[in-house]
Amino acid sequence: MAFAAFSEALSIVFTWPTPLWVVIGLTLGMIAGALPGIGSSLGMAIVLPLTLPLGPINAIILLVSMYSGAMYGGSISAILVNVPGTGGAAATTFDGYPMAKQGRAIDALSMSATASAVGGFLSVITLLLISPILIEAVLLFGSPEYFLMAILGLSMITIVADGSMVKGLVAGAAGLLITTIGIAPNSPELRYTYGSLGLYDGIDFIAALIGMFAIAEMLKLAGQEGGIADGDIDLTGSTLSGVKETLSHPGTIIKSGYIGMFIGAIPGAGATVSNFLAYGESMRSSDDPGSFGNGNPLGVISSEASNNGTIGGSLIPTISFGIPGSGSTAVLLGGLLMHGLRPGPQLFETDLHITYAFLIALLIGNIFIILIGVLVVTRLAKLTLIDTHIIIPMILVLSMVGGYTLRSNWVDVITVLLLGFFGYIMVRKDYSIIAFVLGVVLGPIAEENLMRSLQISGGSYDIFVTEPLSLLITAAIVLILVGPYVKPALEKRLA
Amino acid sequence: MSRKSLYRRLSEQFDQERFLLIVLILGSGFALAETFRFDISAAARFPRLTGSVVFVGALLLFFSKYLPESLRAVVEESAGVFEADEEFEKRQQGVEEQQQSEADQVESDRNEFSTVGRPIHDSVFTALVITGYAAVGFAVGILWATPLFVAAYGYWFKQPWYLTGVLAVIGFAIAFGFMSVLGVPLDRGELFLTSGVF
């Protein structure tokens, strides 16, 4: 079955216009990634309504290509102006910017493109290779396990995100709570609709994504001063030497790519964490750790290989259990659901060819990253000169128009606005918007599986601890939520 | 009291986190209470579970100052998983501090509220202007409200008139593109132009 699906996926990806969507997605992603304050989640969220006329395969390919492109794009401003375009490129500033100041900006950008492409390629190839095992694992999961996995994903985010764990839990639960508006799953009960037809179908999660990512971020950006880079950018150096230097460090690329993949598979961690870990590991294992921070190419290579490596990792929980590992995968999950694709067994059985198609598209995308990154980067660098007050009104127009386009329903526009304001305060006060968004995306899946589980068990919650797999997940949830508080006390007692 | 000093006083006294927590407490409390009016008890289970977490968590955060020290630590402290190494934090802090001091300098050179010398915060204006955009869009259709919104934004942020004009045209083109490609009636308002123009 897997081989037939793989062959079908290959023919899909190489049929026109799918390769075009790969290139468009990558280019849009690079642009979004290169603009600090925009990034992959926001870029993908505002493009999401535009994918409505595309078929599910091309839409998902466009979105994953954007995700991949943005990971590389984040390094452009990190290297040229010392401001990471995405959180995943924060560690790139440490050595990328000093390299640019030393007149090696093009070297650094080429290294970033090559390391991103190879790191991303490795993680997606690995994902393809382990997919038969994943398929077996996913098929072991039933409704109770899916409900528990949703709770596990939310719990993970609360301990990984900045700020207090209680804030993370409140944010995640608030996201789940707003999904209860509308008709209840598996029952005709109307909840919190008060006779408003527009609320019968509930809050649209894409409107929530647009509000939380786009409006909240633009409100924040509006209070910041003008352009990103103030003057001309000195683009000197050599593309070829950058590519050669990167390929002469295969060990660093492989190690960093897999660090990224491993971290990416943990919900909530993502590229923001992996690039620091990979950078740290590269520095630890170096003969000359003192040169890090002063333009050591290994700093750029490790950070960039790891952030693209997270893509393959973050897709594992997203497509297997519907638990996105990051904001971008939350939007991707939104895209899957919007186009009628359900994560879990369906993506590994009847829709396996679609899963393979977007993984193959990601592989091809990584080759394009080198080509676009190396050939067009001097033009992409100009993006860092754009005034934020040109970007903000355009993003806001796209958000409002996109919000209304979803269902031609004013409830969606109100959702975009209110959750945008809500998200702005949450970002400022260290409440995890990723946890909230995850709650909004997972809410219907979690509730449906909870109700189904309780129908199976006749209303008994024992169903969540009777099977070994569900017991294991329940134990993991308890450990995650209680562990951070019990561990210091235990350590104190042992000491 | 001048409008500026009144605004300053209000913005100083307005605690965003308290406001957020009050919204969460009232919203989740209301959602919880409503579940007892549902006809089908199974449909009340999930909102009750999630509403309880929000209600209790938000209450704990709201009253965290008054909690015993041990409980306050649990409520306020980060779990600290995957926190960056000290060395990276120092570097990152260095970059952030530099950016902050540059931003502070610019701010003090211009105005304490706005980067363009306006009497209210730029974020507050942006929030107000998008609300206005939605309201005008509701009345006459988003297509017609779009250039007005872009023009208002450009005027407030003192953008050159020709740039504002170009952006207004691009904004209109975006809305028109959505309307044409996706077949969404963006030219129709709920109060005026209810039959649309195109």
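Note on naming: letters A, B, ... go to the chains in the order of the sequence lines (proteins, then strands), and numbering restarts at 1 for each one.
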Nearest heavy-atom neighbours spanning [X] and [Y]:
X: A/Pro53; Y: B/Val181; result: CG-CG1, 4.3 Å
X: A/Ala174; Y: B/Val54; result: N-CG2, 3.3 Å
X: A/Val397; Y: B/Gly171; result: CG1-O, 3.9 Å
X: A/Val401; Y: B/Ala175; result: CG2-CB, 4.1 Å

Taking side chain as everything from C-beta outward and backbone as N, CA, C, O, which of these in [X] sits under 4.5 Å from a heavy atom of chain A? Side chain, backbone, both or neither.
X: B/Tyr153; value: side chain
X: B/Thr131; value: both
X: B/Phe19; value: side chain
X: B/Ile142; value: side chain

Heavy-atom side-chain proximity of [X] to [Y] below 4.5 angstrom:
X: B/Leu49; Y: A/Leu450; value: yes
X: B/Val150; Y: A/Met394; value: yes
X: A/Met400; Y: B/Tyr133; value: yes
X: A/Leu177; Y: B/Phe55; value: no
X: B/Phe178; Y: A/Leu50; value: yes
X: A/Tyr192; Y: B/Pro47; value: yes
X: B/Ile130; Y: A/Phe421; value: yes

Rounded to the nearest 0.5 Å, what separation is found between the [atom1] atom of [X] and the [atom2] atom of [Y]?
X: A/Leu190; Y: B/Phe38; atom1: CG; atom2: CZ; answer: 9.5 Å
X: B/Phe157; Y: A/His389; atom1: CZ; atom2: NE2; answer: 5.0 Å
X: B/Leu186; Y: A/Thr405; atom1: CG; atom2: OG1; answer: 5.5 Å
X: A/Thr180; Y: B/Glu34; atom1: OG1; atom2: CD; answer: 11.0 Å
X: A/Ile390; Y: B/Leu163; atom1: CD1; atom2: CG; answer: 4.5 Å

Segment of [X] engaging chain B (4.5 angstrom heavy-atom cut-off):
X: A/Leu454; answer: side chain
X: A/Leu417; answer: side chain
X: A/Pro188; answer: both
X: A/Ala184; answer: side chain
X: A/Ile215; answer: side chain
X: A/Val413; answer: side chain

Between [options], the one whose heavy-atom pairs under 4.5 Å with chain A are most numerous:
options: B/Ala145, B/Ala134, B/Gly154, B/Ser52; result: B/Ala134
options: B/Leu143, B/Val23, B/Val129, B/Val184; result: B/Val184
options: B/Asp122, B/Thr126, B/Ile40, B/Val53; result: B/Ile40

| request: State which residues pass side-chain hydrogen bond (donor to acceptor under 3.5 Å, both in side chains) with A/Tyr424; sequence neighbours excluded, sorted by chain then number. | output: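 If we apply the side-chain hydrogen bond (donor to acceptor under 3.5 Å, both in side chains) test to A/Tyr424, skipping adjacent residues, the hits are A/Arg428, B/Ser123.
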| remark: By residue number, those in residues 58-65 of chain B with heavy atoms under 4.5 Å from heavy atoms of chain A are B/Ala58, B/Leu61
| task | For B/Arg45 and A/Met451, indicate whether the former's side chain and the latter's backbone hold a donor-acceptor pair under 3.5 Å. | result | no
| request: Would you check if the side chain of B/Thr50 reaches a backbone N or O of A/Ala173 as a donor-acceptor pair within less than 3.5 Å? | output: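 Not a single qualifying donor-acceptor pair exists.
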| task | Answer yes when B/Glu17 and A/Lys167 have at least one side-chain N-carboxylate O distance shorter than 4.0 Å, and no when they do not. | result |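 Answer for the salt bridge query: yes.
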[X] atom [atom1], over 12 foreign heavy atoms within 6.0 Å:
X: B/Phe14; atom1: CZ; answer: yes
X: A/Tyr194; atom1: OH; answer: yes
X: A/Lys220; atom1: NZ; answer: no

| So, for A/Tyr404 and B/Phe138, is the gap between ring centers shorter than 6.0 Å? |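 No, the ring of A/Tyr404 stays outside the 6.0 Å limit from the ring of B/Phe138, centre to centre.
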